[in-house]
Amino acid sequence: MPAFFVQMGAMRWSDGFIAVDWGTTNRRAYRLDSAGNCVNQFEDDRGILAIEPDGFPAAAADIRKRLGDTPLLLAGMVGSTRGWVEAPYVDCPASLDQLAARLCWIEAENAAIVPGLALKADGRADVMRGEEIQLFGAMEAALVPSNCLVCHPGTHNKWVSLEEGRIASFRTVMTGEMFNLLRGHGMLAEFLSGDARDDCSFREGVRKGLDFPALTAELFSVRARVLLGGMAREDAPSYVSGLLIGIDIGVGRAMAGHSPIVIMGRPELTSLYAAGALEAGLEAAVVDGASAFVAGAAAVARSMA
């Protein structure tokens, strides 16, 4: 593959750069060479909440110390109001070129934050930061078709409609955050200390979430079932995860129509969503989110030329 990066400022983008998926609680950094291939990477828990408001320059210097003195392309919550610099949203429907044209340059021409996407339609509002890079990267690398529905599991799961290579619309479901809140606080916390698994309890929860999405009522029954011997305590995490994911998949099923479905993200989450989709009668392909992010960052860099 030929070199394609643009030369700008004191650092040479033509020599490659570092792409960072900088979220709320974690960051993942990838060193890309001149052909857009990942040659080094690391992941840690230095998400934006772990950085003091004036600490981002030092945090960026730490990334360069670990991966090399090259330009930085940053995506995710680092561009939020709590991040380094707020990068304004681009309205949907949006293309890769529109996204790249609105980069927020924070360090001369050597460091930029990718803007997020916003949706305002029919009285509904939604936003995303970070997933857009993976979505465009997946299309650029032909990992997903240019017309499909993508499920992007995470703390805030996204159901994203791709149309003709653009991000047309999306909907966020707070599934991961809800599970973490239940596990950390309240009367169910003592039952949810284990990991969720794709087992009979998980699939039972998915079916319940699909057929009876009265979440608050069903959550209370989990405690009662354990106390009365109707559910083993160790099965509760899988059941509650399945319940939440079942309700989540119900949202996606209503959006899907006849569109192909792709589940993209980290393997431990995509596997659960793929199992849940099968319970809902949906067949879905699975794509690795890290590979898509690298491809998306390379695509943004190409668009600078």
Side-chain angles (χ1 to χ4, degrees), residues 1-23 26-43 60 63-64 66-79 87 90 94-117 128-146 148 150 152 154 158 160 162 164-167 262 264-267 285-305:
M1 185 184 298
F4 51 72
F5 294 125
V6 17
Q7 181 174 336
M8 303 174 68
M11 295 181 180
R12 292 171 55 90
W13 287 76
S14 57
D15 293 333
F17 67 99
I18 299 168
V20 186
D21 186 358
W22 207 333
N26 297 284
R27 66 179 178 181
R28 303 173 185 94
Y30 306 88
R31 171 69 183 264
L32 276 62
D33 65 15
S34 60
N37 301 310
C38 179
V39 294
N40 199 1
Q41 63 182 298
F42 73 83
E43 177 178 345
I63 293 172
R64 286 191 171 118
R66 296 168 72 172
L67 292 182
D69 192 20
T70 67
L72 293 172
L73 185 67
L74 312 175
M77 292 301 289
V78 68
V90 174
S95 66
L96 174 65
D97 287 343
Q98 289 174 306
L99 194 76
R102 296 278 296 278
L103 292 176
C104 179
W105 291 94
I106 54 175
E107 187 185 293
E109 293 180 319
N110 296 323
I113 297 177
V114 179
L117 297 184
M128 74 164 66
R129 286 194 186 275
E131 296 91 350
E132 68 287 334
I133 292 293
Q134 293 188 34
L135 291 160
F136 284 122
M139 286 189 284
E140 287 285 314
L143 299 173
V144 304
S146 58
C148 68
V150 176
H152 195 296
K158 307 287 184 184
V160 186
L162 303 181
E164 304 301 327
R166 299 193 301 171
I167 297 177
V262 178
M264 181 171 64
R266 297 172 70 85
V286 175
V287 171
D288 177 61
S291 299
F293 180 83
V294 169
V300 170
R302 279 199 302 272
S303 72
M304 298 179 195

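If you're wondering where the values come from, they're calculated on a predicted model, not measured in any experiment.
Scanning both residues, A297 and A19, for their nearest heavy atoms gives CB-CB, 3.5 Å. Of all heavy-atom pairs between P71 and F17, the closest is O-CB, 3.4 Å. The heavy-atom pair separating I18 from R64 by the smallest distance is CD1-CA, 4.3 Å. Shown here for M264 and A292, the closest heavy-atom pair between the two residues is SD-CB, 3.7 Å. Summarising the geometry of V294 relative to L32, their closest heavy-atom pair is O-CD2, 3.9 Å, with the distance given to 0.1 Å.
N26 meets the side chain to side chain donor-acceptor pair (under 3.5 Å) test with no other residue; sequence neighbours excluded. Not counting sequence neighbours, the partners of R28 by the side chain to side chain donor-acceptor pair (under 3.5 Å) test are E43. Residues passing the side chain to side chain contact (heavy atoms under 4.5 Å, CB included) test with R102 are P88, V90, P115, sequence neighbours excluded. Checked against side chain to side chain contact (heavy atoms under 4.5 Å, CB included), A112 has the following partners two or more places apart in sequence or in another chain: L73, L103, W105.
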List the atom pairs, donor and acceptor, that lie under 3.5 Å between side-chain atoms in residues 129-144 and the rest of the protein, sequence neighbours left out.
unit_1	atom_1	unit_2	atom_2	d
R129	NH1	G79	O	3.2
R129	NH1	A87	O	3.0
R129	NH2	G79	O	3.2
R129	NH2	A87	O	2.8
E131	OE1	R129	N	3.4
E132	OE1	G130	N	2.8
E132	OE2	G130	N	2.9
Q134	OE1	H152	NE2	2.9
E140	OE1	R302	NH2	2.9

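Identified under the salt bridge (charged side-chain N to carboxylate O under 4.0 Å, His left out) test for residues 287-301, with sequence neighbours left out: none.
Here the side chains of D15 and T70 are not in contact, with every heavy-atom distance at 4.5 Å or above. Taking the side chain as every heavy atom from C-beta outward, I167 and L162 approach each other to under 4.5 Å. Residues L99 and S303 fail the side-chain proximity criterion, which asks for heavy atoms closer than 4.5 Å.
To the nearest 0.5 Å, the span separating CG on L67 from CZ on R31 amounts to 7.5 Å.
Just one of V78, I113, L72 meets the side chain to side chain contact (heavy atoms under 4.5 Å, CB included) condition when paired with W22; it is V78.
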